[in-house]
Amino acid sequence: QVQLVESGGGLVQAGGSLMLSCAASERIYIVENMGWYRQVPGKQRELVATVTIGGRTDYGESVKARFTISRNNAKNTVYLQMSSLKSEDTGIYYCYADGVAGIVGRQPFTAWGQGTQVTVFA
């Protein structure tokens with residue numbers, strides 16, 4: 001199965017910056033869409049940002065002016081640069097990917113990372 005490995009979570013002061021990265025396993029035919037969702041205390045899991053293999057991006061309204069998503073298709077890796085962080089950004093961030101897995105036997109997939117904690121303090 002496709003696995004996603006996340007890194008970059010941590011503790012940061014309000015107004016600061018943090019970068020998250022996520023790499024998908026190598027036995028993938030295509031990663032169509034890849035990015036990040038988050039679980040904020042008191043809310044359901046919500047979109048942060050995603051980017052398709054063709055470079056189309058989708059941002060949550062609350063982060064559009066502050067976060068930037070990018071990906072390296074050759075490495076099946078997505079990056080999220082977070083700036084001007086607010087206490088409201090605190091939560092568990094989950095990497096997401098979907099597409100078609102398997103170089104030999106191809107199967108559609110969706111995958112989630114284990115989650116990485118981002119804590120913003122004032």
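- By the side chain to side chain contact (heavy atoms under 4.5 Å, CB included) test, Q3 is found to be paired with no residue, residues two or more places apart in sequence or in another chain being considered.
- Here the side chains of V78 and I69 are in contact, with some heavy-atom distance below 4.5 Å.
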Where do Y93 and M82 land on the side chain to side chain contact (heavy atoms under 4.5 Å, CB included) test, with the steps shown first?
CA-CA 12 Å; Y93 285 66; M82 304 186 292; 3.9 Å; yes

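- Shortest non-hydrogen contact noted between R106 and V100 is CB-CG1, 3.6 Å.
- V48 is not listed as a side-chain neighbour of Y94, based on a closest heavy-atom distance of 4.5 Å or more.
- For S21, the side-chain hydrogen bond (donor to acceptor under 3.5 Å, both in side chains) test picks out S7, with sequence neighbours left out.
- Of the inter-residue distances, the one linking L4 atom CG with S25 atom OG reads 7.0 Å to the nearest 0.5 angstrom.
- Using a 4.5 Å heavy-atom cutoff, the side chains of L47 and Y96 are not in contact.
- Within the structure, disulfide (SG to SG under 2.5 Å) pairs that include any residue of residues 5-37 comprise C22-C95 (at least two apart or interchain).
- Smallest separation of non-hydrogen atoms from S17 and S84: OG-N, 4.4 Å.
- With sequence neighbours excluded, the residues forming a side chain to side chain contact (heavy atoms under 4.5 Å, CB included) with T52 are E32, N33, R56, listed by chain and number.
- Cluster annotation: I92 is not connected to V12 through the hydrophobic network of ILVMFWY side chains, with a link wherever side-chain heavy atoms come within less than 4.5 Å.
- If you take CE on M19 and CG on L80, they are separated by 8.0 Å, rounding to the nearest 0.5 Å.
- Residue pairs meeting the disulfide (SG to SG under 2.5 Å) criterion with at least one member in residues 49-86, sequence neighbours excluded, do not occur.
- Grouping the Ile, Leu, Val, Met, Phe, Trp and Tyr side chains by contacts below 4.5 angstrom, directly or via other members, places L20 apart from Y37.
- For residues 31-87, the set of pairs meeting the disulfide (SG to SG under 2.5 Å) definition, not counting sequence neighbours, is empty.
- Between the side chain of T90 and the backbone N or O of V120 there is at least one donor-acceptor pair closer than 3.5 Å.
- Residue pairs meeting the ring pair (Phe, Tyr, Trp, His ring centres under 6.0 Å) criterion with at least one member in residues 54-86, sequence neighbours excluded, do not occur.
- In plain terms, the two heavy atoms of A101 and V2 that are nearest each other are CB-CG2, 3.6 Å.
- L85 and L11 fall into different hydrophobic clusters, where Ile, Leu, Val, Met, Phe, Trp and Tyr residues are linked whenever their side-chain heavy atoms come under 4.5 Å apart, directly or through other members.
- Between Q44 atom CD and Q39 atom CD the span is 8.0 Å, to the nearest 0.5 Å.
- Residues passing the side chain to side chain contact (heavy atoms under 4.5 Å, CB included) test with V5, sequence neighbours excluded: none.
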For residues 107-114, which side-chain donor-acceptor pairs fall under 3.5 Å, sequence neighbours excluded?
residue : atom : partner : partner atom : Å
Q114    : NE2  : E6      : OE1          : 3.3

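- Closest heavy-atom contact between G91 and P41: CA-CD, 4.3 Å.
- Contacts of E88 classified as salt bridge (Lys or Arg N to Asp or Glu O under 4.0 Å), with partners at least two apart in sequence or in another chain: none.
- Evaluation of the salt bridge (charged side-chain N to carboxylate O under 4.0 Å, His left out) test over residues 61-78, restricted to residues two or more places apart or in two chains, returns R66-D89.
- With sequence neighbours left out, S62 forms a side chain to side chain contact (heavy atoms under 4.5 Å, CB included) with R38.
- Here the shortest heavy-atom pairing between I28 and A24 reads CD1-CB, 3.7 Å.
- Between V31 and A97 the shortest heavy-atom distance is CG1-CB, 4.0 Å.
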